[in-house]
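Take a look at the structure below.
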Number of protein chains: 2
Amino acid sequence: MKIKLEKDVLTDNNIAADYNRELFKVNKTLVINLMSSPGAGKTTLLERTIEKLSCEFKIGVIEGDLATERDADRIRALGAKAIQINTHGGCHLDARMIAKVLPEFDLDEIDILFIENVGNLVCPSGYDLGQDHKVAVLSVPEGNDKIPKYPTMFNRTELVLLNKIDLLPYLDFNVEEAVSDLQGINPSSRLIALSATTGEGLEGWFNWLREAYKNV
Amino acid sequence: MKIKLEKDVLTDNNIAADYNRELFKVNKTLVINLMSSPGAGKTTLLERTIEKLSCEFKIGVIEGDLATERDADRIRALGAKAIQINTHGGCHLDARMIAKVLPEFDLDEIDILFIENVGNLVCPSGYDLGQDHKVAVLSVPEGNDKIPKYPTMFNRTELVLLNKIDLLPYLDFNVEEAVSDLQGINPSSRLIALSATTGEGLEGWFNWLREAYKNV
């Protein structure tokens, strides 16, 4: 019975995800589902991305959090459109939540839509939102063991952004080991090391987005 | 239908939690359910705790992770008994998983049992494991906004251990604001600031455990 219900939930989600995907395709909107542990730096990364790329692309953001409008407010302060979804205890966004807020965007006018998922390295990875790409942010203070310990996240993401490399001098983190662990778990995935605080490595992420946009 | 099933799942969990609680009480075992985001430093904190307190208390550990035996191996290396539970994608431990592994401990011989939950700031908080105390670890690099953004965790924990205070000079984190946010969300909760790496503040945590053990 439990398995049947879970199947139903995922079937419903996948129908909504397909609907979202079709809408994104028609409007030529590149959609990124950004996932990470709490505090890995997703919102700061989006702030830097909007600052740099808003002259090249029209950017929209959907923010997922259990509570508060804090993240959406940070994005709005930079002049980008942001919609906050509060899950009220829910551990991930699903495709129906996304479908529900899409009418608030003029998608035809949005080149890149970022969906910042709930901070959680487990649950969000299992739900297709209709995105073009799933991107995980891993931060240096979380430690090297997160890639092998959270395989359901890292074997489903095409790109891992290793954030907070400005803290490498103060912590015991081995970047080569992270690259090698990621290769072992997901050979088609790529890792870009960067710091949203200092700006180091951000150009690699911006170029990845530019390439991804060409293929929409 | 969905609501009914969730109720059933929680009812089953609570029956198992009550069973565990009775077993802990009979054996005079203090049980701590330790929760946090991935990489907040739960295992390192347990390593330091075992090193310091193993002459005062017999300590056992249950480790919860999606995959690998890494955390249990780290605990065993210090000579403490550790059982690893792999959830294979599951985002939290539940009371039945705990009940299933308890026969592997000689509880009569264990003074303090730590249950290190899956690294996740959302799901674990909803499941009673039969523990005496729920303790959350929050780490400085995660940022000040985690307490208001994850209320379902922080309004259910009696104690918050603010870890990695050795990184305060390099990050924008305000300890007073964290204390004030916690008071706002959960007036009966307490915060102890510490660093499992440098040892600063650990004595407060050890004393809290000594007091908690007196009340078992």
Side-chain angles (χ1 to χ4, degrees), chain A residues 1-2 4-6 8-9 12 36-41 43-44 63 65-71 74 86-92 118-126 138-155 163-164 166-167 169-173 185 197, chain B residues 1-2 4-6 8-9 12 36-41 43-44 63 65-71 74 86-92 118-126 138-155 163-164 166-167 169-173 185 197:
Chain A
M1 187 59 201
K2 195 184 164 201
K4 188 185 170 303
L5 192 83
E6 281 180 355
D8 289 351
V9 168
D12 283 356
S36 80
S37 298
T43 315
T44 305
E63 290 287 351
D65 280 294
L66 276 73
T68 84
E69 289 260 331
R70 286 178 179 229
D71 286 358
R74 287 171 61 183
N86 282 155
T87 63
H88 306 291
C91 58
H92 62 86
V118 176
N120 184 330
L121 210 52
V122 187
C123 316
S125 73
L138 173 67
S139 64
V140 164
E142 293 172 65
N144 265 104
D145 59 352
K146 296 306 161 298
I147 295 173
K149 282 176 64 186
Y150 295 82
T152 55
M153 175 61 70
F154 293 102
N155 66 20
N163 191 21
K164 307 194 190 181
D166 54 298
L167 296 176
Y170 316 113
L171 293 161
D172 185 25
F173 190 98
I185 228 168
T197 303
Chain B
M1 187 58 197
K2 195 183 164 204
K4 187 184 172 302
L5 193 82
E6 280 179 357
D8 288 351
V9 168
D12 283 356
S36 80
S37 297
T43 315
T44 305
E63 289 288 349
D65 280 293
L66 276 74
T68 84
E69 289 259 332
R70 286 178 179 229
D71 287 359
R74 287 171 61 184
N86 282 155
T87 63
H88 307 290
C91 58
H92 62 86
V118 176
N120 185 330
L121 210 52
V122 186
C123 315
S125 72
L138 173 67
S139 64
V140 165
E142 293 172 65
N144 265 105
D145 60 351
K146 296 306 160 298
I147 294 173
K149 283 177 63 186
Y150 294 82
T152 54
M153 176 61 70
F154 293 102
N155 67 19
N163 191 22
K164 306 193 190 183
D166 53 298
L167 296 176
Y170 316 113
L171 293 162
D172 185 25
F173 190 99
I185 227 168
T197 302

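Every heavy atom of this structure was used, including side-chain atoms; hydrogens, water molecules and symmetry mates were not. In what follows, chains carry the letters A, B, and so on, assigned in the order in which the sequence lines appear, proteins first and then strands, with residues in each chain numbered from 1.
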* What are the two closest heavy atoms between A:A40 and A:N163, and how far apart are they? ->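 Between these two residues, the closest heavy atoms are O-ND2, 2.9 Å.
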* Residue A:K149 versus chain B: region with a heavy atom under 4.5 Å ->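 Looking at A:K149, backbone and side chain both touch chain B.
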* Asked: Does a side-chain heavy-atom distance below 4.5 Å link A:D65 with A:T87?
  ->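 No, their side chains stay 4.5 Å or more apart.
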* To do: Report yes if some heavy atom in the side chain of B:L167 is under 4.5 Å from a heavy atom in the side chain of A:L171; otherwise report no.
  =>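 When only atoms from C-beta onward are counted, A:L171 and B:L167 do touch, with a gap below 4.5 Å.
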* Check: B:Y150 side chain, A:G119 main-chain N or O, donor-acceptor pair, under 3.5 Å ->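 It does hold such a pair.
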* Could you tell me whether a side-chain N or O of A:S37 sits under 3.5 Å from a main-chain N or O of B:S37, the two making a donor and an acceptor? =>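 Not a single qualifying donor-acceptor pair exists.
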* Asked: What residues form a salt bridge (charged side-chain N to carboxylate O under 4.0 Å, His left out) with A:D166, not counting sequence neighbours?
  ->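 Result, salt bridge (charged side-chain N to carboxylate O under 4.0 Å, His left out) vs A:D166: none returned.
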* Would you mind telling me which of A:G39, A:G90, A:P148, A:P38 has the largest number of heavy-atom pairs within less than 4.5 Å of chain B? =>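 So the answer, after comparing A:G39, A:G90, A:P148, A:P38, is A:P38.
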* Mind checking what makes side chain to side chain donor-acceptor pair (under 3.5 Å) contact with A:K164, not counting sequence neighbours? ->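 With sequence neighbours excluded, A:K164 shows a side chain to side chain donor-acceptor pair (under 3.5 Å) to no residue whatsoever.
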* With sequence neighbours excluded, residues passing side chain to side chain contact (heavy atoms under 4.5 Å, CB included) with B:T43 ->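 B:T43 satisfies side chain to side chain contact (heavy atoms under 4.5 Å, CB included) with B:E63, B:D71, B:R74, B:I75, B:E116 once adjacent residues are dropped.
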* To do: May I ask you to name which of B:T197, B:N120, B:V118 has the most heavy-atom pairs under 4.5 Å with chain A?
  =>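 Heavy-atom pairs under 4.5 Å are most numerous for B:N120.
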* chain A contacts, top residue of B:G41, B:P151, B:A67 (heavy-atom pairs, under 4.5 Å) ->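 Top option by heavy-atom pairs under 4.5 Å: B:A67.
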* Is any residue of residues 138-145 of chain A within less than 4.5 Å of chain B by heavy atoms, and which ones? ->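 Heavy-atom contacts from residues 138-145 of chain A to chain B are A:P141, A:E142, A:D145.
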